[in-house]
Amino acid sequence: SVVLLDADKGDVTALTYTWDKGTTKTVVSGPADARSAVVDVEREVPKKAPPKKKDDHGKEEAPAAVVDEPPAERETATLPGGKNVITAIEALEPLKTKRTLGVVDDARLEAMGLKTPLRTLTVTTKKKTLVLELGDQSYGAQGRYARVKGDNVVHLVERECSIQRRHQ
């Protein structure tokens with residue numbers, strides 16, 4: 001394994017996770033043994049379709065014409081980050097790879113979801129900032145493909161350190 005971010009417990013001060021439908025920003029404060037987090041989520045959610053109309057006998061009326069799906073709406077929320085958020089952050093202190101795959105060709109990058117990544121994870125510590133481009137899950141969901149932004153080396157990271165599944 002390779003250490004992508006050399007951080008001690010309590011070093012991470014902020015995370016920003018972006019994906020094609022939104023952004024989650026987490027700010028961490030307090031001493032390592034009593035940290036708290038505030039999470040801001042801004043994401044796209046499908047617009048709710050209007051309720052179906054019923055005729056005079058209580059049966060649903062057939063739609064007069066095919067209606068396109070309503071456009072998505074944006075949702076924002078601020079909430080306290082509980083123990084699960086702090087545990088996910090601690091999984092990044094330090095951030096180690098499960099395995100390093102080296103430099104891969106464009107066809108493999110495409111298959112891994114890293115040719116034009118839709119997700120990034122920015123980890124800010126007291127000393128530095130690391131931006132990871134996140135790809136797809138590996139075969140068998142053993143991890144997620146990732147690379148440090150600006151670097152051609154592909155890594156496999158633990159699923160737990162790619163916290164997006166908590167926010168999508």
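Source: prediction; values computed, not measured. For reference, positions follow the sequence shown, starting with 1.
Contact annotation: the side chain of H155 approaches that of T100 to within less than 4.5 Å [non-hydrogen atoms, C-beta and beyond]. Between K98 and S138 there is no side-chain heavy-atom pair separated by less than 4.5 Å. Under the 4.5 Å side-chain criterion, counting only non-hydrogen atoms from C-beta, V38 is in contact with T78. Residues R43 and K21 fail the side-chain proximity criterion, which asks for heavy atoms closer than 4.5 Å. In this structure, the side chains of R119 and R144 come closer than 4.5 Å at one or more pairs of heavy atoms. Between V12 and V123 the shortest side-chain heavy-atom distance falls below 4.5 Å. Between Y145 and L156 the shortest side-chain heavy-atom distance falls below 4.5 Å.
Atoms OG and CZ, on S1 and R99 in that order, are 12.5 Å from each other to the nearest 0.5 Å. From E158, atom CD reaches atom OG1 of T97 across 9.5 Å, with rounding to the nearest 0.5 Å. How far CE of M112 is from CG of D136: 10.0 Å, rounded to the nearest 0.5 Å. Atom NZ of residue K115 and atom CZ of residue R108 lie 14.0 Å apart, to the nearest 0.5 angstrom. Interatomic distance, NZ of K83 versus OG of S36, reported as 15.0 Å (0.5 Å rounding). From L118, atom CG reaches atom CG of D20 across 5.0 Å, with rounding to the nearest 0.5 Å.
No chain of hydrophobic side-chain contacts below 4.5 Å, direct or via other Ile, Leu, Val, Met, Phe, Trp or Tyr residues, connects L101 to L132. L130 and V2 fall within the same hydrophobic cluster, defined by Ile, Leu, Val, Met, Phe, Trp and Tyr side-chain heavy atoms under 4.5 Å apart, directly or through other members. Hydrophobic clustering of Ile, Leu, Val, Met, Phe, Trp and Tyr side chains at less than 4.5 Å, counting indirect connections, unites L15 with V148. Cluster membership for V85 and L5, using ILVMFWY side-chain heavy atoms within less than 4.5 angstrom, is shared. Linking Ile, Leu, Val, Met, Phe, Trp and Tyr whenever their side-chain heavy atoms come within less than 4.5 Å leaves L114 and L95 in two separate clusters.
Contact record, A32 with G10: CB-CA, 3.7 Å, taken as the closest heavy-atom pair. Minimum heavy-atom separation, R35 to D11: NH1-N, 4.0 Å. Closest of all the heavy-atom pairs between A37 and T26 is CB-CG2, 3.9 Å. When all heavy atoms are compared, the tightest approach of E42 to T76 is CG-CG2, 3.5 Å.
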Worked verdict on K96 versus L4 for side chain to side chain contact (heavy atoms under 4.5 Å, CB included): CA-CA 6 Å; K96 296 179 182 179; L4 297 178; over 6 Å; no
Side chain to side chain contact (heavy atoms under 4.5 Å, CB included) evaluation trace for I89 with V28: CA-CA 9 Å; I89 290 166; V28 185; 3.4 Å; yes
From CA spacing to verdict: salt bridge (charged side-chain N to carboxylate O under 4.0 Å, His left out), K9, E93: CA-CA 6 Å; K9 184 177 177 183; E93 300 169 330; over 6 Å; no
Audit row: D40, T24, side chain to side chain contact (heavy atoms under 4.5 Å, CB included) steps and yes/no: CA-CA 6 Å; D40 289 312; T24 301; over 6 Å; no
Step-by-step side chain to side chain contact (heavy atoms under 4.5 Å, CB included) determination, T13 to K126: CA-CA 7 Å; T13 58; K126 296 173 183 175; 3.9 Å; yes
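In this structure T16 satisfies the side chain to side chain contact (heavy atoms under 4.5 Å, CB included) test together with T18, T23, K25, T122, sequence neighbours excluded.
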